[in-house]
Q: 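Take a look at the following structure, please.
Owing to the predicted nature of the structure, the values given are computational and were not obtained by experimental measurement. Both counts, for ligands and for their atoms, begin at 1 and track the order of listing. All values below were derived from every heavy atom in this structure, side-chain atoms included, with hydrogens, water molecules and symmetry-related copies excluded.
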Amino acid sequence: MKVFFNGRIVNSDSPTIKALDRGMTFGDGLYEVIKVVNGKFPFIKDHVGRLEKSSKFFKIKFEYNLDKIEAIAQELSSINKIESGELFLEITRGADTIRDHIFEKEYAPTFLEVVQPLRRIDANLWQTGAKLVTYPDMRHGLCEHKTIDLLPNVLAKNYAHSKGGYEALMFRTKNGEKYVTEGGSSSYIFFDGEKIVAPKIDNILPSITRSKVLSIARSMGFEVIERRVWLDEVQRMKEVMLLSTVSKVMPVVKIDDMNFSFGSVTKKLMTAFEEMISS
Ligand code: PLP
């Protein structure tokens with residue numbers, strides 16, 4: 001497969017990365033995943049905007065812009081003959097001359113762009129619903145940024161998979177009470193029978209799918225409440241939805257031993273979101 005790496009299109013197995021790249025040595029970088037649908041990149045502007053905002057926050061030089069990133073993505077999807085799949089962007093601070101936590105003054109950032117087929121997701125899950133497994137959220141305090149240091153997310157998702165689940169439902173604890181944060185690579189929203197309830201953006205990723213789905217829900221007339229969601233109250237929720245760029249809107253029918261139905265609100269939001277990304 002061909003990828004775009006630091007200004008050139010190269011084979012994905014070319015040895016191009018510098019050994020002391022801070023992405024390798026410190027996980028010092030950011031990434032984005034954007035859906036590829038019929039040669040188009042839904043919400044690419046939002047994704048690049050999020051990347052740019054975080055790169056400013058971490059003072060990582062951002063040398064690309066939306067037009068350039070989209071043009072490269074189009075070129076890669078045509079070279080690799082991928083009409084539908086995923087676009088992956090990664091930017092790291094760049095390579096050190098000696099490994100040191102302290103930043104040097106100037107870096108040439110490392111930039112990678114990949115268009116690949118959609119990862120393997122069992123298509124039945126959109127009909128039958130997914131199972132989640134609860135797992136403690138062991139991450140840092142900068143989870144509103146899409147940083148590449150994903151080991152706790154990887155552990156969470158692998159734990160869920162080892163228990164037969166599709167995703168983890170991560171929780172943090174405050175004064176002995178557990179509250180829902182997000183998944184290893186997904187957001188969650190709930191329907192409590194009257195309103196849509198979404199864990200508020202408080203040290204979780206401002207998911208682009210979540211923001212689109214909540215705006216669809218509002219436009220359909222649903223009341224949307226963004227607040228802390230306690231794990232104890234989840235069992236009273238009528239419907240649970242998993243949201244992400246690659247999973248889109250996916251019904252959740254089980255969290256540990258709790259069962260949920262794939263109800264009409266989830267169906268409506270799934271249909272409307274599907275229309276939005278394919279229009
Ligand atoms: N939360 C986490 C931790 C993620 O990694 C992701 C996506 O990878 C999401 C939520 C969903 O975000 P988006 O809708 O922007 O893909």
Q: Who's touching ligand 1 if we go heavy atoms under 4.0 Å?
A: Y31, R50, R139, K146, N153, E182, G183, G184, S185, S186, S187, L205, S207, I208, T209, S244, T245

Q: Charged N to carboxylate O below 4.0 Å: is that the case for R22 and D96?
A: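 So R22 pairs with D96 through a salt bridge.
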
Q: Linking I/L/V/M/F/W/Y whenever any side-chain heavy atoms sit under 4.5 Å apart, do L150 and F57 land together?
A: no

Q: Scan side-chain atoms only and decide if K248 and T209 contain a donor-acceptor pair under the 3.5 Å cut-off.
A: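 No donor-acceptor contact under 3.5 Å links the two side chains.
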
Q: Are the aromatic rings of F171 and Y179 close, with centres under 6.0 Å apart?
A: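 Distance test on ring centres: not under 6.0 Å, no.
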
Q: Could you tell me if S187 and S207 have a donor-acceptor pair between their side chains, going purely by distance under 3.5 Å?
A: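 Looking only at side-chain atoms, S187 and S207 do form a donor-acceptor pair, the distance falling under 3.5 Å.
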
Q: Is there a donor-acceptor contact under 3.5 Å from the side chain of E239 to the main chain of T266?
A: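 A pair under 3.5 Å: yes.
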
